[in-house]
There are 2 protein chains.
Amino acid sequence: MRSYGQYCSIARGLDVIGDRWTLLIVRELLLQGPSRFTELKRGLPGVATNLLSTRLKELEAAGLITREDAPPPIATALYQLSESGHALQPVLKEIGLWGLRFMVDERPDDAFQAQWLAYAPAWFTTDAEPDGPPAVIQLVADGELAVIELRNGRVHTRLGRATDPDLTLEGPPRSVLGLLTGKIDLDLATQLGLTATGRLDLLPRLRPVAQQPA
Amino acid sequence: MRSYGQYCSIARGLDVIGDRWTLLIVRELLLQGPSRFTELKRGLPGVATNLLSTRLKELEAAGLITREDAPPPIATALYQLSESGHALQPVLKEIGLWGLRFMVDERPDDAFQAQWLAYAPAWFTTDAEPDGPPAVIQLVADGELAVIELRNGRVHTRLGRATDPDLTLEGPPRSVLGLLTGKIDLDLATQLGLTATGRLDLLPRLRPVAQQPA
DNA sequence: CCGGATCCTCATTGATACTG
DNA sequence: CAGTATCAATGAGGATCCGG
């Protein structure tokens with residue numbers, strides 16, 4: 001990216017992360033950990049391979065990621081975030097929190113992946129009853145599976161299926177995510193196609209984090 | 001901007017704010033308040049007028065700013081942030097905080113303006129002695145003037161000159177900002193050309209805010 | 001002068017095909 | 001699998017022009 005040429009930390013930050021796809025690549029590396037080229041490509045539907053390749057080189061040159069060749073038997077390179085790259089997590093959190101306001105409208109062609117189902121509760125909710133007993137919530141949206149685990153006052157998430165969930169939320173992505181992030185209530189979520197099975201009393205434990213007032 | 005086509009709040013947020021110049025326009029409106037076209041252009045050295053015009057229309061269409069025609073005698077339009085636009089402040093703060101790491105190197109051709117001198121201490125420092133007596137620090141960098149006022153446990157800043165500052169910091173931008181944001185110490189700042197006059201004991205009261213650990 | 005609109009040129013991005 | 005090469009389409013940057 002061409003520099004803005006301004007001695008301002010916002011402009012200089014954007015010089016590095018302002019390019020198209022750059023922050024989404026960082027998102028994937030944050031959510032998935034060290035990844036191979038093809039894994040990144042899968043997590044970034046729509047990216048052209050040449051562009052992904054270019055961005056990875058730029059990110060490496062800027063010190064945000066490191067590229068590690070796997071030991072000889074395997075011919076595959078691993079990309080992972082450096083400390084600088086990892087430090088972008090708060091930036092992504094704030095963008096994601098702000099971006100929630102655009103999640104209510106439906107766009108049938110949007111891609112949807114389990115990682116994006118998983119990070120939302122982990123980043124955008126807290127356990128309102130931190131000393132409460134552990135609980136497990138199964139999420140199912142658009143065929144993608146994720147699990148929320150409330151434990152030790154923290155909201156953990158992981159991909160996949162839980163063995164014995166206390167509550168299961170299944171429905172279109174915006175009904176599940178809208179409910180979890182507090183953008184819509186249970187009635188509306190149900191109208192949008194959500195099915196909630198199990199201990200509905202667990203829902204109030206997920207408290208959406210509020211945006212800081214200005 | 002072309003949509004990323006992903007049902008993810010980060011991607012959807014970036015659909016709106018990911019275009020070149022967009023976040024810097026928001027920065028100017030946050031720092032300057034309601035502004036006219038020409039004021040924005042002045043605060044955004046390097047932007048082409050057609051691009052600024054295009055972005056303002058896009059921002060208005062996205063609901064981030066409102067455009068208000070001044071009463072008939074004057075033919076000037078005022079742009080200001082809507083609630084949605086204002087809600088981007090935390091995003092800009094995190095980007096700016098992250099971007100501080102790139103401020104240590106010097107690029108002689110970078111533009112520099114007083115607003116950028118002023119927002120850094122206000123956003124990136126806190127008063128380490130919130131119950132201490134009020135104090136006033138004059139900043140001078142590259143001919144740009146700003147004032148820090150420590151009062152009621154808050155770090156206020158404004159542009160211009162203070163009448164009777166307790167401390168004056170004068171030097172190249174990176175020496176002043178590097179010292180204030182904790183990226184360099186007083187010795188190094190002095191080597192970089194900083195002159196500090198007055199109550200140096202006030203410096204420790206400006207505590208750089210730490211980046212959240214991952 | 002203010003607030004843009006138009007036009008032109010160059011740089012970036014996107015889609016797809018291809019290679020070690 | 002992990003990219004590179006190619007080329008078309010889009011976007012940015014810069015200069016100029018125009019109506020109030």
Side-chain angles (χ1 to χ4, degrees), chain A residues 1-6 11 14-25 28-29 32 34-62 65-80 109-111, chain B residues 1-6 11 14-25 28-29 32 34-62 65-80 109-111:
Chain A
M1 159 168 284
R2 165 189 268 244
S3 169
Y4 286 109
Q6 303 183 357
L14 289 172
D15 283 347
V16 178
I17 58 171
D19 265 321
R20 193 162 163 76
W21 290 106
T22 299
L23 277 178
L24 293 186
I25 293 171
E28 286 305 305
L29 289 170
Q32 304 200 36
S35 306
R36 297 185 299 174
F37 188 90
T38 313
E39 293 170 329
L40 288 173
K41 186 167 152 47
R42 193 175 335 123
L44 297 166
V47 75
T49 58
N50 61 345
L51 199 48
L52 179 53
S53 174
T54 302
R55 288 288 177 275
L56 288 170
K57 281 172 197 150
E58 291 166 348
L59 284 170
E60 193 185 359
I65 65 175
T66 57
R67 175 210 171 101
E68 201 173 329
D69 289 313
I74 322 155
T76 184
L78 266 189
Y79 298 93
Q80 56 188 311
D109 290 345
D110 270 5
Chain B
M1 158 169 285
R2 164 189 272 244
S3 169
Y4 286 108
Q6 303 183 356
L14 289 173
D15 282 348
V16 178
I17 58 170
D19 265 323
R20 193 162 165 77
W21 291 107
T22 299
L23 277 178
L24 293 187
I25 294 171
E28 286 305 305
L29 289 170
Q32 304 201 37
S35 306
R36 296 186 300 174
F37 188 90
T38 313
E39 292 170 329
L40 288 174
K41 186 166 152 49
R42 193 178 332 126
L44 297 165
V47 74
T49 60
N50 60 346
L51 199 49
L52 179 54
S53 175
T54 303
R55 288 286 177 276
L56 288 170
K57 282 173 196 150
E58 291 166 348
L59 284 170
E60 192 185 1
I65 64 174
T66 58
R67 174 210 171 100
E68 202 172 328
D69 290 313
I74 322 155
T76 184
L78 264 191
Y79 299 93
Q80 56 188 309
D109 290 345
D110 271 5

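Reminder, nothing fancy here: chain letters follow the sequence lines and each chain counts from 1.
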| request: Kindly state which residues belonging to residues 49-57 of chain A come within less than 4.0 angstrom of DNA chain D, counting heavy atoms of the residue only, listed by number. | output: A:Thr49, A:Asn50, A:Ser53, A:Lys57
| query | Any side-chain N or O of A:Tyr4 less than 4.0 Å from the OP1 or OP2 oxygen of D:dA12? | reply | no
| Which nucleotide sits closest to the side chain of B:Trp21: D:dG13, C:dT13, C:dG4? | D:dG13
| field | A:Ala48 side chain, from C-beta outward: closest of D:dG14, C:dA15, C:dG4 | value | C:dA15
Which whole-number value in Å describes the distance from [X] [atom1] to [N] [atom2]?
{"X": "A:Asp19", "N": "D:dG11", "atom1": "CG", "atom2": "P", "value": "15 Å"}
{"X": "A:Leu40", "N": "D:dG3", "atom1": "CG", "atom2": "C1'", "value": "13 Å"}
{"X": "A:Phe37", "N": "C:dG20", "atom1": "CZ", "atom2": "C1'", "value": "15 Å"}
{"X": "A:Glu58", "N": "C:dT12", "atom1": "CD", "atom2": "P", "value": "9 Å"}
{"X": "A:Leu44", "N": "C:dG14", "atom1": "CG", "atom2": "P", "value": "12 Å"}
{"X": "B:Arg20", "N": "D:dG14", "atom1": "CZ", "atom2": "C1'", "value": "14 Å"}
{"X": "B:Met1", "N": "C:dT12", "atom1": "CE", "atom2": "P", "value": "15 Å"}
{"X": "A:Ile25", "N": "D:dG3", "atom1": "CD1", "atom2": "P", "value": "12 Å"}

| field | Criterion side-chain contact (heavy atoms from CB on, under 4.5 Å) against A:Leu40, the qualifying member of A:Val47, A:Leu52, A:Leu24 | value | A:Leu52
| task | Starting from the first five and the last five pairs of the helix from C:dC1-D:dG20 to C:dG20-D:dC1, work out the angle between the resulting helix axes, to 10 degrees. | result | 20°
Side chain to side chain donor-acceptor pair (under 3.5 Å) against [X], all qualifying residues, sequence neighbours excluded:
{"X": "B:Glu28", "result": "B:Gln32, B:Gln115, B:Trp116"}
{"X": "A:Arg2", "result": "none"}
{"X": "B:Asp19", "result": "none"}
{"X": "B:Tyr4", "result": "none"}

For [X], enumerate each residue passing the side chain to side chain contact (heavy atoms under 4.5 Å, CB included) test, keeping only those at least two apart in sequence or located in another chain.
{"X": "A:Thr49", "result": "A:Phe37, A:Lys41"}
{"X": "B:Thr38", "result": "none"}
{"X": "B:Thr54", "result": "B:Glu58"}

| field | Evaluation steps, side chain to side chain contact (heavy atoms under 4.5 Å, CB included), between A:Gln80 and A:Ile65 | value | CA-CA 5 Å; A:Gln80 56 188 311; A:Ile65 65 175; over 6 Å; no
| query | Could you state the interatomic distance from CZ (B:Arg20) to CG (B:Leu51), rounded to the nearest 0.5 Å? | reply | 8.5 Å
| message | Rounded to the nearest 0.5 Å, what separates atom CD1 in A:Ile17 from atom CG in A:Leu23? | response | 4.5 Å
| message | Quick check: on DNA chain D, is the nucleotide nearest B:Val47 upstream (toward 5') of the one nearest A:Glu39, or the reverse? Name the residue that is more 5'. | response | A:Glu39
| query | How would you list, by chain and number, every residue that makes a salt bridge (charged side-chain N to carboxylate O under 4.0 Å, His left out) with B:Glu60, sequence neighbours excluded? | reply | none
Listing time: all N or O pairs from protein to nucleotides 9-11 of chain C that are below 3.5 Å?
none

